[in-house]
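First up is the structure itself, then whatever we jot down about it.
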Amino acid sequence: MELPEVENVLKTLPPALARRHIRQILIRFPERVFHCTPAALRRGLRGARLAGLGRRGKFLLFRLSNGQALVWHLGMSGRVAAGPSLSPRKHLLMAMKLDDGRFIKLYDARRFGRIGLADLRALPSHPFFRRLGPEYDDSQLTVRVLVQSTRRFRKKSVKEALLDQSFVAGLGNIYASEVLHDARIDPRRPVRSLSSMELRRLLASIRSVLDDAIACGGTSVRDYVDAGGRKGGYQHRLKVYRREGLACLRCGRKSGVVRSVQSGRSTFYCPRCQR
DNA sequence: ACACGACCCTGTTCGC
DNA sequence: TGCGAACAGGGTCGTG
């Protein structure tokens, strides 16, 4: 679940859920609660009123009127659903019963996700967020900031830097490959070796690819669905991700897209037009 | 101070 | 068809 998918999950949760009071909390995988005890999470949520939704990087925020927020990182397989009953219970991570009788249900098949409670006024210092880099659309994020940031990385490739949430928050494995193809940069290049002109292209591509993906409702390459159970549409726009052996959609090179592995994760790129 | 691999899980797809 | 291996929108921790 990357930034565009999280963004679409929050956009597709029924707005009517906000302003409802939380009556009951069910936590089925207490080992997935971090930085506070499950009891403290329960105490923070019970009786509170939902005040809106937010996002920071890949974290989804359920803002509460008591100044706190339920924070959820969806991991690889997080899903959310709202409805009149608790079923289905398979892979249910936690649920909140609201005062209109409906449930907000958080699912996590692989249990890589994390939930926690954060004080909204101190969000940046919360352990979940302390090391997060800038949002992709933050006006404070400039080429100059990126140039400065690349100096921290001794050996890291530009692909690995894009996956590092302290560089820019929100990119994951699909969009890292797509962004680098859009920017015509070889993913294996040491990020330190990029010129400021290349970083300018990289930043522009981060913004355009993520904006497009959000507008398309995210990428459903496997089983991602939004809060309404609907698939995204960006999988039809992917230029390289999971297109190994197929022609490059930009330069036309036959069997152009190559798959390699970096830090144990697949990278897809065109060796002709990405340099 | 870094870089790397192992590890946490379940589900689906692939190759023999 | 069966069965194990490989792989999957992620991140943290221990080790060298």
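- Only the P atoms considered, B:dA6 is 16 Å distant from C:dA5, to the nearest whole Å.
- Where DNA chain B meets chain A (any atom under 4.0 Å from a heavy atom), the bounding nucleotides read 5' to 3' are B:dA3 to B:dT12.
- Of the C1' atoms belonging to C:dC3 and B:dC8, the separation is 24 Å, rounded to the nearest Å.
- Shown here is A:Arg28, whose CZ atom has more than 12 heavy atoms of other residues, nucleotides or ligands within 6.0 Å.
- Scanning both residues, A:Leu50 and A:Leu17, for their nearest heavy atoms gives CD1-O, 3.5 Å.
- A:Ile174 has its CD1 atom 10 Å from the P atom of C:dA8, to the nearest Å.
- Nearest heavy atoms, A:Val80 versus A:Leu106: CG2-CD2, 3.7 Å.
- Summarising the geometry, the separation between NE2 on A:His35 and P on C:dG11 is reported as 13 Å, rounded to the nearest angstrom.
- Under the 30°/60° scheme for interplanar angles, the aromatic rings of A:Phe128 and A:Phe34 are found to be tilted.
- Whole-Å rounding puts the A:Phe167 CZ to C:dG11 P distance at 16 Å.
- Put simply, the residue from A:Glu178, A:Arg259, A:Arg188 that forms a side-chain hydrogen bond (donor to acceptor under 3.5 Å, both in side chains) with A:Tyr269 is A:Arg188.
- The interatomic distance linking A:Phe268 (CZ) with C:dA8 (P) rounds to 6 Å, in whole Å.
- Whole-Å rounding puts the A:Arg56 CZ to C:dG10 P distance at 17 Å.
- Using a cut-off of 4.0 Å between Lys/Arg side-chain N and Asp/Glu carboxylate O, A:Arg275 and A:Asp186 are scored as not salt-bridged.
- Whole-Å rounding puts the A:Arg111 CZ to C:dA8 C1' distance at 17 Å.
- In this structure, a donor-acceptor pair under 3.5 Å is present between the side chains of A:Tyr136 and A:Asp211.
- Across the interface with DNA chain C, nearest-nucleotide mapping of A:Glu5 and A:Pro127 shows A:Glu5 to be the residue nearer the 5′ end.
- Between A:Arg131 atom CZ and C:dG10 atom C1' the separation is 16 Å, expressed in whole Å.
- Within 4.0 Å (heavy atoms only), A:Ser263 reaches no atom of the nucleic acid at all.
- Contact check of residues 73-80 of chain A against DNA chain C (heavy atom, cut-off under 4.0 Å) returns A:His73, A:Gly75, A:Met76.
- A residue-by-residue look at A:Gly264 and A:Asp223 shows that A:Gly264 has its nearest nucleotide of DNA chain B further toward the 5' end.
- One atom, CD of A:Glu160, and another, P of C:dT12, lie 16 Å apart when rounded to the nearest Å.
- Judged by distance alone with a 3.5 Å cut-off, no donor-acceptor contact links the side chain of A:Arg265 to the base of C:dA8.
- Figure legend: A:Arg111 and A:Phe29 shown as a cation-pi pair, the cationic atom lying under 6.0 angstrom from the six-membered ring centre and within 45 degrees of its axis.
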Q | Strand DNA chain B in bracket notation, Watson-Crick/G-U under 3.5 Å with | for pairs to another chain | A | .|||||||.|||||||
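- For the pair A:Arg55 and A:Glu135, the salt-bridge criterion is met [side-chain N within less than 4.0 Å of a carboxylate O].
- If you look at A:His73 and A:Phe59, their ring centroids are closer than 6.0 Å.
- Classification of A:Lys58 and A:Glu5 as a salt-bridged pair fails, no side-chain N sitting under 4.0 Å from a carboxylate O.
- Ion pairing of A:Lys239 with A:Asp182 is absent here, as no side-chain N (NZ or NE/NH1/NH2) approaches a carboxylate O to less than 4.0 Å.
- Of the two residues near DNA chain B, A:Lys90 and A:Arg32, the one whose nearest nucleotide lies more 5' is A:Arg32.
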